[in-house]
Undergrad: 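One structure, pasted below without further comment.
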Amino acid sequence: MLACLIRKFCTRQEMVRVLNVAEKNDAAKNISDLLSRGNYNRKEGRSKFNKIYEFSFELLNQKCSMAMTSVSGHLLGYEFQSSFKYWESVNPVTLFEAPVTKQCQDKFKDIKQTLEQEARRAQWLVIWTDCDREGENIGFEIVEVCLSVSPRLKVYRARFSEITHRSLINACQNLGPIDKRVSDAVDVRSELDLRIGAAFTRFQTLRLKRVFPSVITDGKIISYGSCQFPTLGFVVERFKSIESFIPEAFWKIRVIHEIDESERAEFIWTRNRLFNELACQVIHDHCVDAGTAIVTKIETKPKSKWRPLPLDTVEMEKLGSRKLRLNAKEVMKIAEKLYVQGYISYPRTETNIFPKELDLTPLIQCQTSDSRWGAFASNILNSGPTPRQGKKSDQAHPPIHPTKYANSLQGNEAKLYEFIVRHFLACCSKDAQGLETKVDIKIGDEQFVATGLMITARNYLEVYPYDRWSDKSLPIYTEGQVFTPTRIDLDESATTAPPLLTEADLIGLMEKHGIGTDATHAEHIETIKSRDYVGVQTDGRFVPCPLGIGLVEGYDAMGFAMSKPHLRAELEADLKRICDGTKDPSIVLREQVAKYKEVFIKAVEQVDKIDDAISLYLQQPKVAVQPSAMALPSALPKVQKCPNCQGDLTLKRKRDASGYYVGCNNYPTCKAAIWLPSRVNEVEVDSEKCQTCQGSPYKLKFKFNPGAYRPHLDDTVVVCIGGCDDFITNLLGIKPLRPANSSRPPDRGLPQSPTTVSEADRSFQQTRHSFVRTGSFQSYSGSNRSDQELDADWGDDLDDDILIMAGNIDVAPLSSGNNSATMPTGRTLSTAVAGSNDVLCTCRTQALLLTVRKEGPNKGRQFYKCGNQTTDCRFFLWSDEIGNAQVPSQTGRPPQAQNQAVGVANCHCGIQAKMKVGSLLKPVHLIVTFPITPYISYSQNQIY
DNA sequence: GCAAGGTC
């Protein structure tokens, strides 16, 4: 009994918990069913669409407790920050560089929670997403979510092409790593599509709404996309070639020989046709005059009609459209369903060669019981399958083929399954054989020919009703035979324009030029229909609408090949290079963004060309739009007016994308900037303005790295960085800029007229001048820099500036022994020792020295916090940041400078000021307080 | 409100 328990216990101990994640629920279910041989338990997940299937399985020679769940396609997607979501207030050109983040849509939050919950319990993670580029990317999204809660998970990738037991077992035996490069390529594609699509769509829509308000009404979108636009381009190009087509008359001679009702031959002129009527008339007259025909040659030779190639996706879409009357979108939807049910192999493939290792015999075998094609299948087995081989391979999936027999499908599913089976059997059988007979005759000097066909072996045609090959009988002739034709006609005709494109034509062109994926061809076609760019005739052919042709011509007139396929094809080629590892994803992204941005800027400049083209086709006059009305809305999300130059301070991303800052849009003329801390994950401009700070800056919504500022701040906060909140600015190490009218140095942007200079400003100015001239700070004492030069540095890089103090200041030296610090005014500062509990906070109570206890990066770190619980004071200071204020003891600085090394001083009045000293004294970091002189207006956290 | 790509 005990032994049994121990054994049970040990067994349980050895079981590895494996989280398996498929791309969709159906796949998860079928994979679980096959791996467990039907022996699984179904559990609810957080998402009602994505269940959890649990079963035991042996993986990598370990007994495993498997949990198989799924996502629903992409879990995460790129989005602009909310401040860029406003069409009217954001210049679309900024969308080329605006920060984008990967977000989980609300509708997938529950799936994410299931993954997190299951990942916490698991030791291994196996990715079972589809084995294509998007599948690899989805796999990475799953990995990202799971590792964030369970960093020690071992991650594996299962690779398979069909959901059959054999293929899945093979995948389990060949688990490998997930391919980052392939996933990177998808990220690049995805980000570019968003930036380019959003920028051009907003630009076109806003512009055309203004210029054609009666046609482009509210709610109508004039979209641009790197796939939909070339698709439109194909339709327009064909339409235009038809429009510009000039028919040309031609003439031909036709000879008819009717023996009786059932025996008839039509002879074709070997010259085919002549474009000169008179010449043709003369020849015709000669033939009529000759009156009789002589048979000059009879030739009979074998002729084959080739069986179809193995089926790839595009061929399936095209044949679906032509033969089954299902549009491409329907075909793919049904095929997907058949795939997840295990009836057919993966339906997205570019391969039309069956791999040698794929044994076709059992696949054919399982079709032998069918009443319609079973006998044919048996015949193939008798002689052995001989699949025709194409030339394309994506090295991932075999051609589409049935994987098991089905006889209970209904409707279009049955129709498509039947097509796939018949196509597969046809491809594995033999070409149809026939005998073609050619009869050459001569009338006068002119030669004519008639052909007949006798089919000798229908072969694949027996199982493939989608192809036609008919007998064409001819009367029996003998060489040298002379007969009198029933008629010798002179037919007049004319060349005709090519027809408009059908859906199958359009898909063919999209495939040829690499527009969209096998799965999305149909969707792009739907998009251009829904945008009123194209219409469909009753015969199913596509014709462009005024809007569509106008847009294409507008860009053509600018000289941009926006509607041509090669832009997208170039990207596709680059994506392949990323997958191969021959090109860096960030370089591809940068190059492509730069390319499209340049086109965008030029398109804005020449937008009247689009107006003109659309006006022409819509037959609508343009509404005169003032240049200002087209002036693009003002740039990046604005935080506040720049205190230096009255430009706009906007939220920006650092050039190396490592973080964010708020900078002036007049850069490089104005270099005002507030650098935001590196522990910020995301930041955006909030809709709320600060009512305390001058200039009412917008607040910022920060999303910090998890736990970065705990316990003091949640990971997501909305705060003002304008300077009204010491707690925030200290904690985040932010140096607010000073509003122009009170806090900037008075000699910058000073009122021009002396009469407008306030007493306060004048006093301040004098104080500052006297200080600078004292040269008390070593960094400037040896400098001949003028005040103007000093001003020029203001806001440029505060770290390198002397920040000037005025008034009576008490400064506390640190415990380094520099107990006496001479301040610019020459006063000796009194002491409040940092590093002890003598720190006073802004509400003038003694600050408490505390230690972070919560788990996270700051655990164990000490900080000061207001001890007075009755006030609203939010004083906060890291104790180790006080330490930073210490002057390094061996810097080779002049002693005078060392004397100025000060640490933390606290307030007589509740106001804190920071003081930073120029390069010589770096990294002196000083927090001082000083009394307010009655005639100077200071604000909290102001820097002097 | 925008793309294209997954999927429901």
Side-chain angles (χ1 to χ4, degrees), chain A residues 21-28 47-51 70-80 82 84-90 92 94-96 98 100 102 104-105 107-108 110-111 129-142 182-183 185-209 216-232 329 332-333 335-337 339-340 347-348 510 514-528 530-531 562 567-568 571-572 575 592 596 600:
Chain A
V21 188
E23 193 159 317
K24 45 196 166 284
N25 181 63
D26 280 340
S47 151
K48 63 178 177 181
F49 300 112
N50 303 77
K51 313 292 182 192
S70 56
V71 288
S72 290
H74 281 290
L75 193 58
L76 312 174
Y78 281 113
E79 275 180 33
F80 289 115
S82 62
F84 284 90
K85 289 179 182 164
Y86 308 101
W87 286 41
E88 301 287 348
S89 61
V90 174
T94 62
L95 299 177
F96 288 101
V100 290
K102 266 200 168 181
C104 177
Q105 287 180 49
K107 64 177 178 179
F108 292 141
D110 45 8
I111 294 178
T129 48
D130 294 348
C131 291
D132 54 16
R133 218 191 254 171
E134 296 297 327
E136 212 67 14
N137 189 264
I138 294 167
F140 260 91
E141 292 170 7
I142 296 164
V182 173
S183 172
V186 173
D187 280 340
V188 168
R189 193 268 310 145
S190 189
E191 187 177 331
L192 276 173
D193 284 340
L194 175 63
R195 292 187 186 284
I196 298 164
F200 278 94
T201 300
R202 291 187 196 181
F203 159 61
Q204 293 177 171
T205 306
L206 295 174
R207 172 72 189 185
L208 296 177
K209 254 168 81 174
I216 316 297
T217 47
D218 270 351
K220 194 160 168 100
I221 305 287
I222 314 298
S223 63
Y224 174 85
S226 49
C227 288
Q228 55 176 266
F229 217 64
T231 307
L232 166 65
K329 200 172 175 180
M332 286 314 293
K333 201 173 153 194
E336 184 69 35
K337 206 165 173 187
Y339 162 68
V340 296
R348 290 180 210 122
M510 292 169 83
I515 303 301
T517 67
D518 310 343
T520 59
H521 291 148
E523 285 173 28
H524 300 312
I525 295 171
E526 287 301 310
T527 303
I528 59 173
S530 69
R531 296 285 185 230
M562 299 294 280
L567 283 176
R568 181 75 190 188
L571 172 62
E572 272 301 318
L575 297 181
Q592 293 279 340
Y596 277 94
F600 183 88

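Below, chain A is the first sequence line, B the second, and so on; all start at residue 1. Note that this is a predicted model, so its numbers are computed, not measured.
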Undergrad: Take the protein atom CD of A:Q105 and the nucleotide atom P of B:dA4, then report the distance between them rounded to whole Å.
TA: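 Going from CD in A:Q105 over to P in B:dA4 covers 16 Å.
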Undergrad: To the nearest Å, how far apart are A:K102 NZ and B:dA3 P?
TA: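 Atom-to-atom, A:K102 to B:dA3, this comes out as 19 Å.
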Undergrad: For B:dA4, does either OP1 or OP2 sit under 4.0 Å from a side-chain N or O belonging to A:R133?
TA: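 Checking B:dA4 against A:R133, no side-chain N or O comes under 4.0 Å of OP1 or OP2.
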Undergrad: Taking atom P of B:dG5 as reference, at what distance in whole Å does atom CG of A:D132 sit?
TA: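 Interatomic distance, CG of A:D132 to P of B:dG5: 12 Å.
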Undergrad: Between B:dC2 atom P and A:L208 atom CG, what is the distance in whole Å?
TA: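 Distance, rounded to whole Å: 16 Å.
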Undergrad: In whole angstrom, what separates A:K333's NZ from B:dT7's C1'?
TA: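 So the NZ-C1' distance, A:K333 to B:dT7, works out to 11 Å.
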Undergrad: Quick one: do the A:E136 and A:T129 side chains pair a donor with an acceptor below 3.5 Å?
TA: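 Checked: A:E136/A:T129 side chains show no N/O donor-acceptor pair below 3.5 Å.
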Undergrad: Please report, rounded to the nearest Å, how far the P atom of B:dA4 is from the CG atom of A:L95.
TA: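 These atoms are roughly 15 Å apart.
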Undergrad: Do A:Y224 and the base of B:dA3 stack face to face, with centres under 5.5 Å apart and an angle between planes under 30°?
TA: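 One would not call A:Y224 stacked on the B:dA3 base.
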Undergrad: What residues form a salt bridge (charged side-chain N to carboxylate O under 4.0 Å, His left out) with A:K51, not counting sequence neighbours?
TA: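 Applying salt bridge (charged side-chain N to carboxylate O under 4.0 Å, His left out) to A:K51 gives A:E44.
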Undergrad: I need the CG-C1' distance between A:L76 and B:dT7, as an integer number of Å.
TA: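 Atom CG in A:L76 sits about 14 Å away from atom C1' in B:dT7.
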Undergrad: With a 4.0 Å cut-off, would you call A:K48 and A:D110 a salt bridge?
TA: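 Salt bridge flag = no for A:D110 with A:K48.
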Undergrad: With sequence neighbours left out, what residues match A:K333 under salt bridge (charged side-chain N to carboxylate O under 4.0 Å, His left out)?
TA: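 Counting only residues at least two positions away or on another chain, A:K333 forms no salt bridge (charged side-chain N to carboxylate O under 4.0 Å, His left out).
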